[in-house]
Amino acid sequence: MIRPAPLTKAFFDRSVHAVAPDLIGATLMVDGIGGTIVEVEAYHHTDPAAHSYGGRTPRNAVMFGPPGYAYVYRSYGIHWCLNFVCEEEGSASAVLIRALEPTAGLKEMQRRRGIDEVQLLCSGPGRLCQALGITKAHDGMALDRSPFELRARAGEPAIAVGRRIGITKAAEEPWRYGLAGSRFLSRPFRSQGPSIR
DNA sequence: CAGTGGATGCTCT
DNA sequence: GAGCATCCACTGT
């Protein structure tokens with residue numbers, strides 16, 4: 001059996017618009033718990049919706065560092081959100097991880113989330129961070145080392161494209177990517193949507 | 001289902 | 001003091 005290749009820093013050393021769709025179908029684990037990435041959003045440094053758009057601050061500092069690191073921030077005072085920092089001409093871009101299909105550590109995820117429904121364990125950026133135990137402590141950690149474990153997808157899945165969720169600036173940009181037809185998305189994509197691959 | 005509003009904390013102006 | 005890259009509970013069909 002062929003084991004999928006680990007995602008190295010070189011994988012993230014590309015445009016965020018290339019990395020984001022390539023993450024669909026990849027495996028994300030934290031301390032052995034996680035699943036398949038089924039939904040992400042790209043935030044380019046020239047994008048008004050990106051946290052880095054207004055320049056470097058203490059919160060977004062990791063985005064201005066090298067690619068292949070986790071950027072974690074607090075959302076609405078309650079939730080954590082996980083991003084993967086990418087390279088774009090030495091600037092500050094990142095991919096927001098929005099949903100996983102849980103495959104490993106279901107019982108622990110259910111305990112952390114306080115629910116049993118597998119469908120709702122990781123279907124949303126806040127939910128998946130709670131399920132995987134991601135907090136501010138993971139901000140700035142390398143993605144190619146423990147506790148993170150990332151593996152490339154096998155095959156070429158059909159990828160749905162649509163507008164990003166929950167933002168007001170540049171809301172019309174089609175920079176949300178999902179595994180077409182997945183039951184684990186945070187929200188469905190419009191119809192079959194425009195699809196790539 | 002769709003729509004609404006509250007919880008809650010931190011960052012930046 | 002405003003504004004969130006969210007989630008959940010609740011309402012009304």
Side-chain angles (χ1 to χ4, degrees), chain A residues 12 15-17 19-21 23-24 28 30 34-35 37-65 67 69-86 88 91-102 109-141 143 159-179 182-191 193:
Chain A
F12 297 99
S15 165
V16 71
H17 291 306
V19 173
L23 281 169
I24 299 301
L28 165 64
V30 178
I37 297 174
V38 298
E39 181 183 340
V40 302
E41 286 176 356
Y43 288 87
H44 190 260
H45 68 278
T46 58
D47 170 7
H51 285 178
S52 55
Y53 184 71
R56 182 183 182 129
T57 68
R59 178 180 69 156
N60 65 23
V62 174
M63 288 184 76
F64 288 81
Y69 287 79
Y71 164 50
V72 180
Y73 70 93
R74 177 83 89 172
S75 176
Y76 289 91
I78 306 169
H79 310 285
W80 299 103
C81 288
L82 171 67
N83 295 253
F84 296 163
V85 175
C86 298
E88 184 69 27
S91 212
S93 306
V95 178
L96 171 67
I97 310 303
R98 287 196 55 91
L100 306 181
E101 174 174 346
M109 289 194 247
Q110 287 165 327
R111 187 189 68 77
R112 287 170 173 165
R113 293 271 296 118
I115 60 168
D116 288 334
E117 273 187 86
V118 177
Q119 190 121 346
L120 297 178
L121 287 182
C122 299
S123 298
R127 290 167 174 172
L128 79 86
C129 281
Q130 186 180 24
L132 270 57
I134 293 168
T135 69
K136 183 77 178 169
H138 296 83
D139 189 40
M141 283 188 174
L143 297 172
I159 296 177
V161 181
R163 303 196 310 198
R164 295 174 295 181
I165 293 174
I167 58 172
T168 55
K169 289 169 279 191
E172 68 288 350
E173 300 289 358
W175 293 333
R176 173 178 178 238
Y177 303 93
L179 180 60
S182 172
R183 307 188 315 279
F184 298 91
L185 301 171
S186 67
R187 296 184 54 176
F189 284 78
R190 285 259 299 195
S191 70

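In what follows, chains are A, B, ... by sequence order, proteins preceding strands, each numbered from 1.
- Other residues, nucleotides and ligands contribute over 12 non-hydrogen atoms within 6.0 Å of the CZ atom of R74(A).
- Each of L120(A) and T168(A) was assigned the nucleotide of DNA chain C with the nearest heavy atom; the assignment lying further toward the 5' end belongs to T168(A).
- Ring orientation note: the planes of F12(A) and F84(A) are nearly perpendicular, at an angle over 60° on the 30°/60° scale.
- Residue R187(A) qualifies as open at atom CZ: its count of foreign heavy atoms under 6.0 Å is 12 or below.
- When all heavy atoms are compared, the tightest approach of I167(A) to A171(A) is O-CB, 3.7 Å.
- Comparing I78(A) and G54(A) by the nucleotide of DNA chain B whose heavy atom lies nearest to each, the residue mapping closer to the 5' end is I78(A).
- Note on R113(A): only backbone sugar-phosphate atoms sit closer than 4.0 angstrom, heavy atoms only; bases stay farther off.
- Contacts of R59(A) with the nucleic acid, taken as non-hydrogen atoms under 4.0 Å apart, involve only primed sugar atoms and P, OP1 or OP2.
- Secondary-structure stems of DNA chain B, taken as three or more successive Watson-Crick or G-U wobble pairs (i with j, i+1 with j-1) under a 3.5 Å distance threshold, comprise B:1-7 with C:6-12, B:9-12 with C:1-4.
- Atom CZ in R74(A) sits roughly 6 Å away from atom P in dC10(B) (whole-Å rounding).
- With a 4.5 Å cut-off on side-chain heavy atoms, Q110(A) and I115(A) do not count as touching.
- Bracketed by its first and final contacts, the part of DNA chain C lying under 4.0 Å from non-hydrogen atoms of chain A reaches from dC4(C) to dC8(C) in 5' to 3' order.
- Applying the side chain to side chain contact (heavy atoms under 4.5 Å, CB included) test between L121(A) and each of Q130(A), R113(A), E101(A) identifies R113(A) as the sole match.
- Note: H51(A) and Y73(A) meet the aromatic proximity criterion, with ring centroids under 6.0 Å apart.
- A donor-acceptor pair is defined here as one N or O able to donate and one able to accept, closer than 3.5 Å; such a pair exists between the side chain of R164(A) and the backbone of A170(A).
- Atom-to-atom, CE of M63(A) to P of dT11(B) comes out at 16 Å; the value is rounded to the nearest Å.
- With rounding to whole Å, Y73(A) atom OH is found 13 Å from dC10(B) atom C1'.
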